[in-house]
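Notes for the one structure printed next.
Computed from a prediction, not measured in an experiment: that's the story for all the values here.
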Amino acid sequence: MNVHESEKLAGILEDKGYVLSEKLEDADVVVFNTCCIRESAETHAYGNIGALKKLKKAKKSLIVAVGGCMTEQVGAKEKLKNTFPFVDIIFGANNPNEFKFLLENKLKLVHDEKDDRESFVRTSFPNAWINIVYGCNNFCSYCIVPYVKGRERSRSENAIMQEVDTVINQGYKEITLLGQNVNSYGKDTGTSFCELLEKICTTYKDSKFRLRFMSNHPKDITEELIKVIAKYPNIICPYIHFPLQSGSTDILRKMNRKYTKENYLDKIDLIRKYIPDCSISTDIIVGFPGETDFDYQETIDVVNKVKFSGAFTFVYSKRSGTVAAEMDNQISKEVKKQRITNLVALQNSITKESTKIYLGKEVEILVEGYDEKRNLYLGRDVYNRMGYFPCEEDLIGQFVTIKVDRVNGVSLFGELIRR
Ligand code: 5AD
Ligand code: SF4
């Protein structure tokens with residue numbers, strides 16, 4: 001989502017005639033698009049902004065802008081101004097045009113409201129990101145997102161369909177629909193995520209492209225949605241990002257997740273009933289306040305049972321203003337470290353096992369880029385696995401088939417056999 005927000009900021013700059021500079025020292029404008037979901041993200045941002053002080057001193061004309069989620073926290077704008085007096089523009093996370101307006105002010109340009117359309121520079125051909133719903137209403141007790149991104153706002157179906165049309169006509173081959181909780185799409189506008197998926201799949205049934213979406217909320221994924229995914233195997237990828245957060249029903253309740261361990265496992269069964277080959281990835285937090293060894297083992301139990309194709313694992317990070325930040329029994333650093341280390345080791349062994357079955361198989365991948373270090377082209381299969389292969393010709397944006405002859409961790413290596 002942040003990558004796509006940055007594409008929008010880049011679009012505003014391009015409209016003003018700026019081009020991307022290769023070297024920081026050459027830049028006339030530096031924009032930080034920050035994240036505050038965990039403390040480590042904020043620490044990074046603070047470090048990187050601070051590092052610009054010298055450059056700004058040497059080059060007075062440099063414009064430094066800081067925006068995104070970090071600035072939306074209570075008191076954050078003042079804190080940033082005080083800590084970094086050399087920053088010229090501080091903007092929020094919910095309207096890229098705010099950045100545009102402030103930049104125009106700084107450059108003393110006249111603002112034309114008619115021109116407040118969304119323009120962006122897509123940087124990830126052949127993958128296009130499309131926002132469908134902004135904000136979040138869920139207030140998971142650990143999470144700062146609802147505070148910095150505001151309430152759920154669905155984009156109109158028309159606007160989304162127009163964007164889908166544009167990217168398909170431009171030759172993009174993979175579309176990822178984005179929302180903090182895509183399953184909430186349309187609740188505020190009288191439509192639904194299932195309807196949107198159906199509409200895209202029927203309108204573009206003759207085009208060759210892949211459709212993905214993220215993230216889902218386990219409480220909201222329905223049998224109807226799973227059936228829609230299964231109904232369009234040539235378009236919708238058999239891949240679902242399905243954030244578990246914790247395997248303990250007790251912790252899930254404290255997290256305000258509104259499902260139990262059993263509900264979660266039942267939904268996994270439902271997904272596999274309709275889409276037996278579905279690849280399921282997840283997000284897990286360890287060290288939530290009050291997490292006992294038993295709670296942690298419940299998470300391990302789910303990981304062992306489900307066999308996720310991949311997991312983003314996080315150590316709980318206290319976010320001020322959230323409900324969990326005020327909870328008793330915050331977990332010590334040592335325990336958190338032990339738990340994350342064990343969890344990562346377990347998931348790695350599961351991922352490794354699941355990669356082995358690819359050996360000798362033919363897989364269709366969408367070529368996305370070139371790995372300069374390996375001297376290989378790379379792309380992903382429908383299950384979101386990365387495949388690498390050698391080739392003399394630039395095949396970025398094409399579907400090709402490789403035969404896998406080596407695997408390493410999550411990656412597949414092979415020879416190009418068809419295109
Ligand atoms: N601490 C650790 N991880 C968090 N996430 C969200 N908030 C926190 C937090 N305070 C994780 C969740 C979410 C992912 C995007 O980030 O797992 O799904
Ligand atoms: Fe945060 Fe929960 Fe909303 Fe996801 S669903 S953004 S974890 S509050």
Side-chain angles (χ1 to χ4, degrees), residues 1-5 7-8 93-97 116-120 122 127-140 143 145-146 148-170 172-207 209-243 257-259 263 267 270-271 274-275 278 280:
M1 205 171 257
N2 264 24
V3 171
H4 187 44
E5 297 308 325
E7 289 181 334
K8 292 183 190 173
N94 294 303
N95 180 6
N97 284 320
D116 274 352
R117 71 202 145 78
E118 284 206 339
S119 58
F120 33 81
R122 293 192 189 272
N127 315 106
W129 311 97
I130 297 184
N131 288 114
I132 60 168
V133 47
Y134 299 104
C136 182
N137 289 358
N138 288 311
F139 288 94
C140 301
C143 185
V145 168
V148 293
K149 290 280 192 176
R151 294 296 68 72
E152 282 168 2
R153 295 147 342 254
S154 298
R155 284 181 75 198
S156 76
E157 195 179 274
N158 252 345
I160 296 168
M161 290 307 288
Q162 262 177 31
E163 209 176 316
V164 170
D165 200 65
T166 305
V167 297
I168 287 186
N169 286 326
Q170 287 173 346
Y172 284 81
K173 294 289 187 286
E174 187 175 284
I175 294 172
T176 305
L177 305 175
L178 294 174
Q180 301 295 344
N181 176 7
V182 289
N183 316 120
S184 290
Y185 172 76
K187 282 189 184 157
D188 51 343
T189 52
T191 167
S192 77
F193 185 51
C194 287
E195 276 179 48
L196 179 67
L197 287 179
E198 288 264 6
K199 180 133 193 187
I200 297 174
C201 291
T202 48
T203 311
Y204 299 100
K205 62 180 185 315
D206 299 324
S207 306
F209 73 107
R210 291 176 182 170
L211 191 57
R212 299 184 193 274
F213 49 86
M214 73 182 341
S215 271
N216 296 280
H217 194 306
K219 77 176 164 58
D220 292 324
I221 208 162
T222 57
E223 186 163 9
E224 185 195 2
L225 173 59
I226 299 168
K227 280 183 174 167
V228 173
I229 301 170
K231 187 171 160 190
Y232 299 99
N234 295 329
I235 298 181
I236 306 180
C237 293
Y239 167 78
I240 298 180
H241 185 63
F242 205 53
R257 291 289 287 176
K258 302 198 168 69
Y259 54 87
N263 297 156
K267 295 240 165 134
L270 203 60
I271 294 171
Y274 288 102
I275 317 165
C278 196
I280 302 173

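Ion pair Glu157/Lys199 flagged as a salt bridge, since at least one NZ, NE, NH1 or NH2 atom sits closer than 4.0 Å to an Asp/Glu carboxylate oxygen.
Distance check, rounded to the nearest 0.5 Å: CG of Leu177 to CZ of Arg212 gives 11.5 Å. The NZ atom of Lys258 sits 13.0 Å away from the CG atom of Asn263 when rounded to the nearest 0.5 Å. In this structure, the separation between CG on Leu197 and CD1 on Ile236 is 4.5 Å, given to the nearest 0.5 Å. Atom OG1 of Thr166 is separated from atom CZ of Arg122 by 8.0 Å, given to the nearest 0.5 angstrom. With values rounded to the nearest 0.5 angstrom, Ile160 atom CD1 is found 7.5 Å from Ser154 atom OG. Note that the CZ atom of Arg155 and the CD1 atom of Ile132 stand 10.0 Å from one another [nearest 0.5 Å].
Residues Lys227 and Tyr274 come closest through the heavy atom pair CE-OH, 3.3 Å. Summarising the geometry of Met214 relative to Val182, their closest heavy-atom pair is O-CG1, 3.5 Å, with the distance given to 0.1 Å. Considering all non-hydrogen atoms of both residues, Asn94 and Lys149 come closest at OD1-O, 3.4 Å. Between Pro243 and Tyr259 the shortest heavy-atom distance is O-OH, 3.2 Å. Pairing each heavy atom of Gly135 with each of Glu152, the nearest pair is O-CG, 3.8 Å. Residues Ile235 and Lys205 share a closest heavy-atom pair of CD1-CA, 4.1 Å.
In summary, the side chains of Lys219 and Asn138 do present a donor paired with an acceptor at a separation below 3.5 Å, with no hydrogens or angles considered. In this structure, a donor-acceptor pair under 3.5 Å is absent between the side chains of Tyr185 and Glu195. Under the 3.5 Å distance criterion, with hydrogens and angles disregarded, no donor-acceptor pair is assigned to the side chains of Lys267 and Asn216.
Looking at Met1 and Trp129, their side chains never come closer than 4.5 Å, going by heavy atoms from C-beta outward. Taking 4.5 Å as the limit, some side-chain heavy atom of Ile221 sits within range of a side-chain heavy atom of Ile240. Two residues are said to be in side-chain contact when any heavy atoms from C-beta on lie closer than 4.5 Å; Glu5 and Asn131 meet this criterion. Under the 4.5 Å side-chain criterion, counting only non-hydrogen atoms from C-beta, Val164 is in contact with Ile130. Under the 4.5 Å side-chain criterion, counting only non-hydrogen atoms from C-beta, Thr203 is not in contact with Asp165. Proximity of Ile200 to Phe209: side-chain heavy atoms (C-beta onward) are separated by under 4.5 Å at one or more points. Within the 4.5 Å cutoff, the side chain of Ser192 has no heavy atoms near those of the Lys187 side chain.
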Side chain to side chain contact (heavy atoms under 4.5 Å, CB included) evaluation trace for Phe193 with Thr222: CA-CA 11 Å; Phe193 185 51; Thr222 57; over 6 Å; no
Going through the checks in order, is the side chain to side chain contact (heavy atoms under 4.5 Å, CB included) test met by Gln180 and Val133? CA-CA 7 Å; Gln180 301 295 344; Val133 47; over 6 Å; no
